[in-house]
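Structure, as structure tokens:
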Amino acid sequence: MQTIRVETPSAKYDVMAGSGLLSSLAPRIERIVGKLPRRVFVLTSASIWALWGENFLASFAEAPVALFLEPGEKFKTLASVEKLARQMARAGADRGSLLIAFGGGIVGDVGGFLAAMYMRGIPYIQVPTTLLAQVDSSVGGKTGVNLPEGKNLVGSFHHPLAVFADIETLATLPERELRAGLMESVKAGIIRDRSLVRFMEAHADRVLKRDAKALERVIAASVRMKAGVVHLDERESGLRMILNFGHTVGHALEQATHYKTLLHGEAVGWGMVAALHLARQRGTISQTQFERLEGLVYLYGPLPELQLRAARVVAGTGGDKKNVNGVRRFVLPVGIGDAGVVEDVTPEELQAAVEYMLARAEEKRV
Ligand SMILES: NC(=O)c1ccc[n+]([C@@H]2O[C@H](COP(=O)([O-])OP(=O)(O)OC[C@H]3O[C@@H](n4cnc5c(N)ncnc54)[C@H](O)[C@@H]3O)[C@@H](O)[C@H]2O)c1
Ligand SMILES: [Zn+2]
């Protein structure tokens, strides 16, 4: 098991990654909070509960009150938060109650936000069960929900007391979800951890076969990377922006496909390909580095096809306009294991990068 300390101006907590955490949850939580409070709640989804609920409950003398969120972005809403908060109130939740968010990134984001809002903030714990949630969304304190007008438009910073990422729970994760989540680890390596890049290149087989040791290595390194960045820039005023590598074009792809055909990590995978092209053109990475890093993205693919016009994708990045809030920001890798933010990407450069990506997507299809 690996323990990674997260320290920000507003919170200090541990992320634990390893096998067997789920079945020993209660004593592990008691080590942090002392005796468990009178009311403990677990927010999860019916399918995760059916798979892992028994395991979750194994170490609790008294079963936490289970709350259920229906699956999908469609239910990552204020309406769900209200419904859940009312269920908690009816079940006697007070300021001292504890909430455990047990599921993927959606459960984590809604659970964190619910905990931030309920009685102006109660403590919560993250038990992420998707690779994406284990390497990315459960760490850093961002919580929130969607509006019809856009994703994650309402939210709050609220750090958990601890994160328990049990690798065993990944055994039931669909292959596609696993690969999509791994794109965030590929991102982590490219922007800040050369040795993670090397490990993911050398051990793709083991990682994709879900070898526990290999996954633990990848998860811990990804969390360590994010913890390091969040430590230096909790509220995304500077450095934290590098976590958006691959996300400018990635978000545009998600938007253009109405969040239906691509998983987030898959969109980020293609977004990284576009950003790598841009970096190569600018010379922040060499041709050899470009080939290596693009190869790494495909190693953890396959990425779904894209049937989109370049102009549509470029427009989705805001890149067809002169400015977005004064500046158009883009994260570019600098060599392997470092990255910087540039603000002067021209519409022509962006267009070329998107065209390259779409051409690669076309080739991969045949
Ligand atoms: N807060 C942050 O910093 C942050 C960062 C990145 C992403 N996010 C958010 O995370 C969300 C995406 O998270 P996600 O990719 O985990 O998606 P998700 O929560 O929808 O989970 C994906 C699917 O896997 C299923 N699942 C979860 N665990 C499983 C398991 N162990 N076995 C079998 N099936 C399982 C879920 O029921 C779901 O159908 C998005 O809403 C995104 O905005 C937040
Ligand atoms: Zn992401």
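None of these values were measured; they are calculated from a predicted model. Read the numbers this way: they start at 1 and go in the same order the structure lists the ligands and their atoms. Throughout, residue positions are numbered sequentially from 1 according to the sequence presented.
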Item to complete: Indicate the ring-plane relationship of Phe56 and Phe60, choosing parallel, tilted or perpendicular according to the 30° and 60° boundaries.
Response: parallel

Discussion item. Quick check on Gly103 - does any of its heavy atoms sit under 4.0 Å from an atom of ligand 1?
Written reply: no

Worksheet item: Going by the order shown, which atoms of ligand 1 are within less than 4.0 Å of some heavy atom of Glu73?
Response: 40 (C), 41 (O)

Practice prompt. Mark the output for Leu170 as yes if a heavy-atom distance to ligand 1 is under 4.0 Å, and as no if none is.
Written response: no

Worksheet entry | Donor-acceptor contact present, side-chain Thr44 to main-chain Phe102, <3.5 Å | yes

Practice prompt. Return the residue, atom name and 0.1 Å-rounded distance of the protein heavy atom closest to atom 38 (C) of ligand 1.
Written response: Glu177 OE2, 4.8 Å

Worksheet item: For ligand 1, which part of Lys151 has a heavy atom less than 4.0 Å away: the side chain, the backbone, both, or neither?
Response: side chain

Worksheet item: About how many Å separate OG of Ser137 and CG of Asp109, when rounded to the nearest 0.5 Å?
Response: 5.5 Å

Practice prompt. Scan Arg235, Lys142, His231 and name whichever one has a side-chain contact (heavy atoms from CB on, under 4.5 Å) with Arg240.
Written response: Lys142

Worksheet item: Can you tell me the protein heavy atom closest to atom 36 (C) of ligand 1 and the distance?
Response: Ile48 CD1, 4.4 Å

Worksheet item: Do Arg179 and Tyr300 meet the cation-pi criteria used here (NZ or CZ under 6.0 Å from the six-membered ring centre, within 45° of the axis)?
Response: no

Practice prompt. List the closest protein heavy-atom neighbour of atom 8 (N) of ligand 1: residue, atom name, distance to the nearest 0.1 Å.
Written response: Ser137 CB, 3.6 Å

Discussion item. Suppose I only count heavy atoms of Gly104 and a 4.0 Å limit; which atoms of ligand 1 are within that range?
Written reply: 16 (O), 19 (O)

Worksheet entry | Top protein contact for atom 17 (O) of ligand 1, by heavy-atom distance | Gly105 N, 4.1 Å

Worksheet item: In Å, rounded to the nearest 0.5 Å, how long is the span from CD1 of Ile336 to OG of Ser195?
Response: 12.0 Å

Worksheet entry | Proximal atoms of ligand 1 relative to Leu51 (non-hydrogen, under 4.0 Å) | 32 (N), 33 (C)

Worksheet item: Among Thr169, Asn152, Asp136, Leu131, which one has a heavy atom closest to atom 31 (N) of ligand 1?
Response: Thr169

Worksheet item: Which atoms of ligand 1 are found less than 4.0 Å from any heavy atom of Ser47?
Response: 37 (O)

Discussion item. Checking the side chain of Glu291 only, and the main-chain atoms of Thr288 only, is there a donor and an acceptor separated by less than 3.5 Å?
Written reply: no

Worksheet entry | Protein heavy atom at shortest distance from atom 35 (C) of ligand 1 | Leu173 CD1, 3.8 Å

Worksheet item: Heavy atom of Gln126 under 4.0 Å from ligand 1?
Response: no

Worksheet entry | Non-hydrogen atoms of Phe245 and Lys187 that approach each other most closely | O-CD, 3.6 Å

Item to complete: Can you sort out which atoms of ligand 1 are near Lys226, meaning under 4.0 Å from one of its heavy atoms?
Response: 3 (O)

Worksheet, complete the sentence: The protein heavy atom nearest to atom 12 (C) of ligand 1 is Leu132 CD2, 3.7 Å

Fill in: Atom pair CZ (Arg210) and CG (Leu178), whose distance is rounded to the nearest 0.5 Å
4.5 Å

Worksheet item: What is the nearest protein non-hydrogen atom to atom 32 (N) of ligand 1, stated with its residue, atom name and distance?
Response: Thr172 OG1, 2.7 Å

Discussion item. Show, in sequence, the C-alpha distance, side-chain angles and deciding distance for Arg360 and Glu363, and conclude whether the salt bridge (charged side-chain N to carboxylate O under 4.0 Å, His left out) test is met.
Written reply: CA-CA 5 Å; Arg360 293 294 270 153; Glu363 275 171 40; 2.6 Å; yes

Item to complete: Indicate yes or no for a side-chain donor-acceptor contact from His251 to the backbone of His247 under 3.5 Å, with no hydrogens or angles considered.
Response: yes

Worksheet entry | Any protein heavy atom nearer than 4.0 Å to atom 25 (C) of ligand 1 | no

Worksheet item: Would you call the rings of His159 and Tyr13 parallel, tilted or perpendicular, where under 30° means parallel and over 60° means perpendicular?
Response: tilted

Worksheet item: Below 2.8 Å, any N, O or S contact between Asp136 and the Zn ion (ligand 2)?
Response: no

Fill in: Lys76: numbered ligand 1 atoms lying under 4.0 Å from its heavy atoms
9 (C), 40 (C), 41 (O), 42 (C), 43 (O)

Item to complete: Indicate, as side chain, backbone, both or neither, the part of Glu168 found under 4.0 angstrom from ligand 1 when only non-hydrogen atoms are considered.
Response: neither

Worksheet item: Considering only heavy atoms, which of Val145, Thr130, Leu69 lies nearest to atom 27 (C) of ligand 1?
Response: Thr130

Worksheet item: More than 12 foreign heavy atoms under 6.0 Å from CZ of Arg176: is that the case here?
Response: yes

Worksheet item: Glu73 and Lys151: salt bridge (charged side-chain N to carboxylate O under 4.0 Å, His left out), yes or no, with the steps?
Response: CA-CA 9 Å; Glu73 290 286 339; Lys151 271 198 69 179; 3.4 Å; yes

Fill in: Which atom of Gln351 lies closest to which atom of Ala310, heavy atoms considered
NE2-CB, 3.6 Å

Discussion item. Among all the protein's non-hydrogen atoms, which is closest to atom 28 (N) of ligand 1, and how far away is it?
Written reply: Thr129 OG1, 2.7 Å

Worksheet item: Can you name the N/O/S atom of Glu184 that is nearest the Zn ion (ligand 2)?
Response: OE2

Worksheet item: Relative to ligand 1, is Ala180 under 4.0 angstrom through side chain, backbone, both or neither, heavy atoms considered?
Response: neither

